[in-house]
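Atoms within each ligand, like the ligands themselves, are counted from 1 in listed order. Note that this is a predicted model, so its numbers are computed, not measured.
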Amino acid sequence: MTTALLGVGVGGSRPIAIGAAHLLARHPTIATENIPRRRIPDELARLEAALARARRHLEQVRAQIPTGTPVHIAEFIDAHLLMLTDSALVDATRALIRERAVNAGWALQMQRDTLVEIFDRMDDPYLRTRRDDVDHVVRQIQLFLDDDPPHATPADADLGGCVLVARDLTPADVILLRQRGAAAFVTERGGPMSHTAILARSLDIPTVVGVHNATHLLRTGELLVVNAETGTVLASADQAILDHYRQRLASSEQRRSRLRRLLRKPSTSRDGVPVVLLANLDLASDVAAARANGASGVGLYRTEFLYLNRNGPPDEEEHLATYLGIIRALDGIPLTIRTLDLGLDKPAPGLTPGLTDSNAATANPALGLRAIRLCLKEPALFVPQLRAVLRASAAGPVRMLVPMVTSIAEIETVLGLVNETRRTLRRQGLPYDPLMPLGAMIEVPAAALTAAAIARRLDFLSIGTNDLIQYTLAIDRSDDSVSYLYEPLHPAVLRLIRYILAAAAESRTPVGMCGEMAGDPRYTRVLLGLGLRELSMQPGSLLEVKDVIRRCNIGALTDSMEHMTTHLDDLAPAQILETLATAGDA
Ligand code: PEP
Ligand code: MG
C-alpha cells in the first residue's frame, strides 16, 4: 500500500524524482554517563557485541562488492575491518571503560578525540585520510551500540539516482552528495529557506525537508517518489501512481524544452517594459547554468561557499582566481560579488566561533555575528576578499554587494575600508576599477526602514527576501516547525518592499531583488506590480519567470497593485494572486 509522508517542498525546475531510497547513517546519540563499577562487565560486553555487529556488517558489504570494482574499494573496507581490532582504538576504549567507569559510547568518543588530535597534528595527507577512517569506524561502532539497527552508509557507496534520506544535511553535505550522484534529498529537519534548501534548489535537486521520522519510516532500497512541489514523499507506490509520476516527469521535460524556445527572446512585458533577469550563483561552476538559461548577468554570487569543506579561509589569490574564472565565463556581462555571509546555517570550521558546536541553536546565530558583522570584526578575514574583489573589477564589470547591513555606521565603515584598500592597491601598482559599484543587501527591517539614507551612500540596493521575511515575521528560516508562517505576501513584507523602492527612488538608486521570492514565478506579477525591474534568481527559474513577464502587461499590474495597497491588510495571499493572475494578459 502506498505510504505518503509530508514535509515542505523545495521547488526548483525539476520538482519530481523517482529513485531508490538511500538512508544516510544516523548520527549516534552519545550519552555521557558514569556507570557504577559493578556495571563495567556489562558495558564491556556491550562494546564487544557492537564490535562484532560492525565487523559482520563490513564483511557483508565486502562480500557484496561486484567483481570488476576497483581494488581500492575492497582495501578501504579491509582497512576499516582491521581498525576494529586495532589496539589503539579498541584496547584503549576497553581501558577507559574499566578505569574511568564510563559507558562504552562515551569511552569510544574520548578515544576517538585522542586519535583524531594526533592525526590532526600531522601534515601528511594520507594520514589525514586515516583520521577520517577513525571517524567512520567509531561512528559505525557507536551506531551498533544503539538498540535500533543502524542505516549505515559506506562512504564510497554509489548514490547514482538515489533519494538520499537523512536526519539533516549541511550545505557542505549537499555539495558532496550531489557529486556522488544523489538525485533527490529528503530530510527530517530544516526549513525550505535554509541555505541547504536553497542550494538544493539551485542545483535543481528535488528536495523535501521537515519530513518527521523519515529515517525511521523509510528503508534503504525502497522506491520513492519525491514531489518537491507538494512536499510529499511516497513509498511503496502502486503501479498506477508510479505511471502517473513517470508521465509527469516526461511532461515536465517537455515543458522545459518549450521554455528553451524563450532563450533568445527579450525579457520584455507585453506593453514593452524591459525587466533585467540575473542569476544567483552559489558555486563558481553554476555560471554555466546561468549562461545556458540566458541570464544577462549575475545578481548574487554567494562567496561563502568558497569557505566550506576546508580547514582555513581562501587567500586573496584564490579569491581572485575564482572571480577571474567567473568573469571570463560571463564574457562581458556583469558579476555581482557578495562579500562573505558566513554564520547562520553556514558555519565554517575555525571561522565562525561558537557556531560549529552543538550549542549553535541556543546561540541564536540568525541574530548573531554573521555576514558583514563578522567581516568588520575580523578584518583579516575581510580585507583579502575586498582586495580580490577590487582587483577583479579591473578584468570586467564587477559590483560588490554587502550582506546583512543594519546601520549607516556599518556602511560608513565599509566605505572607509574600501577607500583604504583602493589606496593600498594604488600604492602597490595593482589595477582596479575606481568606479566599481558598491551596493547593500536590504534584508533586515532596520535597513529597509533606513533605505533612503543607505541608498544615498551607495550605487545600488538588492532586496534579500529570504532574510527580510525571516526577520520581519520572526520566523527562523531554517526551522521547519514555523515554516508554515513563512509568507512572502504578508502585508508587512509587501509594504517594506514598496517602502524600499520609494526610498531608493528619491536618490535614483537602482534596486533589484535576489531572494528566493524573485525566482518564484507565482510572485512575478506581484513584484512587477510593486515596481521591481531587476530580478536575480537561481538559473533554473530564469525561463519560467521570463515566460510570465512576456505574458503580462506591467502597466495594468501596477494599477492593480496600487489599488490593492489601500486595503492590503484585508487581502489573503490567494486573493492578491488571483487579482493579478490575468491582469493585462492577452
Ligand atoms: C536573502 O536573504 O534573501 C539572500 C538572498 O541571501 P541569503 O539567502 O544568502 O541569506
Ligand atoms: Mg540573506
Side-chain angles (χ1 to χ4, degrees), residues 10-12 170-172 174-175 190-203 207 209 278-283 286 290 298-308 336-348 352 355 365-375 399-406 410 439-448 451 454 460-479 483 486-488 490 493-494 496-497 500 511-520 523 527 532 534-539 541:
V10 176
T170 63
V174 168
I175 295 169
M193 291 299 148
S194 66
H195 282 113
T196 298
I198 291 174
L199 183 60
R201 183 162 39 235
S202 77
L203 292 171
T207 298
V209 296
L278 305 172
N280 291 355
L281 308 185
D282 290 344
L283 305 175
D286 295 341
V298 169
L300 170 68
Y301 170 38
R302 289 184 168 101
T303 56
E304 50 276 11
F305 287 96
L306 275 174
Y307 293 72
L308 302 182
T336 310
I337 303 175
R338 183 176 73 180
T339 57
L340 180 59
D341 185 0
L342 278 180
L344 191 61
D345 55 352
K346 285 179 288 195
T352 47
L355 295 173
L367 303 182
L369 194 61
R370 63 175 280 213
I372 192 61
R373 300 170 178 186
L374 178 67
C375 288
R399 308 194 294 179
M400 187 174 107
L401 179 60
V402 181
M404 231 347 232
V405 164
T406 45
E410 275 168 342
M441 300 272 299
I442 304 296
E443 50 183 349
V444 178
I454 296 177
F460 70 101
L461 303 182
S462 185
I463 305 177
T465 47
N466 308 335
D467 279 314
L468 187 61
I469 296 170
Q470 151 167 270
Y471 296 122
T472 305
L473 304 184
I475 301 162
D476 181 344
R477 62 193 261 194
S478 55
D479 180 351
S483 61
Y486 198 91
E487 180 47 78
H490 190 293
V493 174
L494 297 182
L496 282 176
I497 296 174
I500 298 164
V511 184
M513 178 180 281
C514 64
E516 292 300 287
M517 189 179 182
D520 189 329
Y523 305 129
L527 299 177
L532 277 148
E534 183 191 294
L535 303 172
S536 190
M537 63 201 71
Q538 43 115 347
S541 299

Give the atom numbers and elements of ligand 1 that come within less than 4.0 Å of a heavy atom of [X].
| X | answer |
| --- | --- |
| Arg302 | 4 (C), 5 (C), 6 (O), 7 (P), 8 (O), 9 (O) |
| Gly515 | 3 (O), 5 (C) |
| Cys514 | 5 (C) |
| Leu300 | 5 (C) |
| Arg370 | 10 (O) |

Geometric N/O contact Thr465 with ligand 1, under 3.5 angstrom: yes

Has ligand 1 got any nitrogen or oxygen that is less than 3.5 angstrom from a nitrogen or oxygen of Asp467? yes

Do [X] and [Y] have side chains that get closer than 4.5 Å, going by heavy atoms?
| X | Y | value |
| --- | --- | --- |
| Leu532 | Met517 | no |
| Asp286 | Tyr301 | no |
| Glu410 | Arg373 | yes |
| Cys514 | Met441 | yes |
| Thr339 | Met400 | yes |
| Arg370 | Leu342 | no |

So which heavy atom on Leu369 is nearest to which on Leu374, and how close? O-CB, 3.8 Å

Closest non-hydrogen atom pair between Val405 and Ala440, with its separation: CG2-CB, 4.1 Å

Part of Arg338 with heavy atoms under 4.0 Å of ligand 1, whether side chain, backbone, both or neither: side chain

Can you find a non-hydrogen atom of [X] under 4.0 Å from ligand 1?
| X | value |
| --- | --- |
| Met537 | no |
| Met441 | yes |
| Arg477 | yes |
| Gln470 | no |

Atom CG of Leu278 and atom CE of Met513: how far apart are they, to the nearest 0.5 Å? 13.0 Å

Distance from Ile469 atom CD1 to Ile497 atom CD1, nearest 0.5 Å? 7.0 Å

For Ala290, all residues meeting side chain to side chain contact (heavy atoms under 4.5 Å, CB included), sequence neighbours excluded: Ala279, Leu281, Ala295, Pro539

No waters, cut-off 2.8 Å: how many protein N, O or S atoms are close to the Mg ion (ligand 2)? 2

Under a 4.0 Å threshold between the charged nitrogen and the carboxylate oxygen, would Arg399 count as salt-bridged to Glu534? yes

